[in-house]
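Remarks on the structure that follows.
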Amino acid sequence: MRNLLIIFIFLLVIFSPQAGAQIWQSDVPAAQTSTTQNDSGPVAVPIASEKALSYYKTRNFWWGFGIIWGLFVPALFLFTGWSAKIRDVAQRLGKKWFFVIGLYSIIFTLITFLIDLPIGYLSDYSMEHSFGLSNQTIGKWLQDNFIGLAISCIMGFLFLWVPYLLLKKSPQRWWLYTSILAVPFIFLMILVQPLWIDPLFNKFGPMQDKALETKILALAEKSGIAGSRVFEVAKSEDTKNVNAYVTGFLGTKRIVLWYTLTAKLDEKETLFVMGHEMGH
């Protein structure tokens with residue numbers, strides 16, 4: 001049963017919604033620079049405000065707590081016997097091994113979701129609002145969480161049986177075959193996520209600034225990711241942060257900018273951010 005928990009956590013990590021490197025604009029005043037400084041000169045770094053440092057430390061605290069919590073909860077299931085009880089329920093309802101594994105994954109995911117929900121509220125919704133970085137309503141936050149829950153349940157039910165079939169067929173090498181199969185599986189997720197998963201959370205639309213879009217596509221051409229499409233995503237209903245990312249594979253390659261990014265940054269800053277994201 002321990003193997004089931006480990007593999008399921010692995011699947012949850014894979015299916016977590018994609019996020020790019022987030023850039024937060026604080027209320028820090030820009031550092032004084034010379035008006036004669038040219039574009040090729042050094043860039044002055046603003047001095048971090050007390051609020052920015054507090055946000056940084058708080059975010060790091062929740063990051064570290066999340067790692068410990070992510071180990072504690074599965075251990076709690078394992079050592080308290082909850083996992084065995086869930087297995088027994090799944091065996092009574094599912095009968096055949098495929099449905100037993102699928103039902104176990106769903107029950108496990110539902111329970112851990114309820115356990116994690118208060119932590120998620122504090123580390124995500126409440127914290128972002130306390131620093132004035134979120135526009136999200138509690139209804140939208142819950143909606144996104146329930147959508148993520150549904151995706152995790154579906155994916156766990158559909159795919160968790162694979163490593164167990166390999167375990168049955170090859171008890172000594174199942175971990176190797178599972179790792180090998182994980183590679184095309186990840187590519188499949190990268191292929192379908194921009195089309196079917198990401199739009200469940202936010203609305204995607206074409207780039208409004210066509211001149212900037214042309215420059216972004218030219219930058220993408222130089223970066224070796226030609227053939228991408230540029231999208232803007234309506235994130236202002238959720239956050240005041242700015243962000244962008246590059247995702248997809250083959251025909252689903254896309255460059256995504258949050259509306260907040262194009263609203264807060266000028267053209268040069270936006271292209272700099274996109275160059276960073278394309279570098280990933």
Item to check | E269 side-chain N/O to D266 backbone N/O, donor-acceptor pair under 3.5 Å | outcome: yes

Next on the checklist: Check whether K264 reaches the backbone of K240 with its side chain - one donor and one acceptor, N or O, closer than 3.5 Å.
Outcome noted: yes

Checklist entry - Is there a donor-acceptor contact under 3.5 Å linking the side chains of Y55 and E128? => result yes

Checklist entry - How far does CD1 of I197 sit from CD1 of I147, to the nearest 0.5 angstrom? => result 11.5 Å

Checklist entry - Would you say M207 and L265 are hydrophobically clustered, going by side-chain heavy atoms of ILVMFWY under 4.5 Å? => result yes

Checklist entry - Can the ring centroids of W161 and Y164 be said to lie less than 6.0 angstrom from one another? => result no

Checklist entry - Which class fits the ring pair F146 and F113: parallel under 30°, tilted 30 to 60°, perpendicular over 60°? => result tilted

Item to check | Centroid separation F272 to H276 less than 6.0 Å | outcome: no

Checklist entry - So how far is it from I138 CD1 to Y121 OH, rounded to the nearest 0.5 Å? => result 5.5 Å

Next on the checklist: If the condition is side chain to side chain contact (heavy atoms under 4.5 Å, CB included), which residues does L158 pass it with, not counting sequence neighbours?
Outcome noted: I154

Item to check | N/O donor-acceptor pair under 3.5 Å between W175 side chain and Q172 backbone | outcome: yes

Next on the checklist: Just to verify, what does Q136 make a side-chain hydrogen bond (donor to acceptor under 3.5 Å, both in side chains) with, not counting sequence neighbours?
Outcome noted: D144, D238

Checklist entry - Residues two or more places apart in sequence or in another chain: which of them pass side-chain hydrogen bond (donor to acceptor under 3.5 Å, both in side chains) with E237? => result none

Checklist entry - When the aromatic ring centroids of F98 and F157 are compared, is their separation below 6.0 Å? => result yes

Checklist entry - Is it true that the side chains of D116 and W69 contain a donor and an acceptor less than 3.5 Å apart? => result yes

Checklist entry - Looking at W174 versus Y177, is the centre-to-centre ring distance below 6.0 Å? => result no

